[in-house]
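See below for the structure under consideration.
Values in this document were obtained by computation on a predicted structure and should not be read as measured data.
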Amino acid sequence: MAKSIVDFLVELDTNSKLMEAYKKDPVGIAADYGLSDEELKLIENKDWDEVAKRFDDTSKAIRVVNY
């Protein structure tokens with residue numbers, strides 16, 4: 001089962017090596033992580049509003065990185 005974009009964002013927030021790789025190739029790293037084509041498009045298009053809608057756990061903060 002592929003991981004969700006929410007799992008990916010949490011992992012980005014806690015894994016500095018993943019974050020550094022993401023800064024160099026956001027879509028490629030997200031694809032390697034196992035995100036769906038639809039979720040990859042969100043990252044590619046920088047559709048952070050839609051990403052925020054999918055993050056339904058209000059106890060965790062979303063940290064969107066724009067590079």
Side-chain angles (χ1 to χ4, degrees):
M1 182 172 149
K3 297 180 181 183
S4 73
I5 196 165
V6 173
D7 296 332
F8 181 63
L9 293 175
V10 170
E11 185 69 19
L12 273 179
D13 194 43
T14 59
N15 183 331
S16 62
K17 288 182 183 179
L18 184 64
M19 176 59 82
E20 288 304 312
Y22 174 83
K23 289 177 186 178
K24 295 174 185 169
D25 183 14
V27 176
I29 295 302
D32 290 347
Y33 193 76
L35 297 186
S36 69
D37 289 341
E38 178 185 356
E39 291 172 323
L40 292 174
K41 280 288 185 197
L42 295 176
I43 292 172
E44 183 177 17
N45 296 332
K46 298 181 182 178
D47 190 352
W48 308 130
D49 290 334
E50 182 60 31
V51 170
K53 290 178 190 175
R54 293 168 185 238
F55 203 95
D56 60 0
D57 186 348
T58 57
S59 69
K60 297 177 183 171
I62 299 176
R63 184 173 79 182
V64 177
V65 179
N66 295 310
Y67 292 97

- [ ] Kindly indicate whether the side chain of Ile43, heavy atoms from C-beta on, has any atom under 4.5 Å from the side chain of Val51.
- [x]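 No, too far: nothing below the 4.5 Å cut-off.
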Task: Pairs involving residues 27-42, ordered by first then second residue, that meet salt bridge (Lys or Arg N to Asp or Glu O under 4.0 Å) (sequence neighbours left out) - done: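 Listed once each, the pairs are Glu38-Arg54, Lys41-Glu44.
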Open item on the list: As a quick check of understanding, evaluate side chain to side chain contact (heavy atoms under 4.5 Å, CB included) for Ile29 and Phe8, giving each step before the final call.
Closed with: CA-CA 10 Å; Ile29 295 302; Phe8 181 63; 4.1 Å; yes
Task: Minimum heavy-atom distance Val27-Leu40, with the two atoms named - done: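 In this case the closest contact between Val27 and Leu40 is O-CD2, 3.7 Å.
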TODO: Could you please spell out the steps behind the side chain to side chain contact (heavy atoms under 4.5 Å, CB included) verdict for Leu12 and Tyr33?
DONE: CA-CA 11 Å; Leu12 273 179; Tyr33 193 76; over 6 Å; no
Task: Leu9 side, atom CG; Ser4 side, atom OG - distance, nearest 0.5 Å - done: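 Output value for this atom pair is 8.0 Å.
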Task: CG on Leu18 to NZ on Lys23, rounded to 0.5 Å - done: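 Interatomic distance, Lys23 NZ to Leu18 CG, rounded to 0.5 Å: 11.5 Å.
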Open item on the list: Donor-acceptor pair, distance only, cut-off 3.5 Å: does the side chain of Asn45 make one with the backbone of Asp47?
Closed with: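 No.
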Open item on the list: Going by the rule salt bridge (Lys or Arg N to Asp or Glu O under 4.0 Å), which residues pair with Glu11 if we only count those two or more places apart in sequence or in a different chain?
Closed with: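 Expected list: none.
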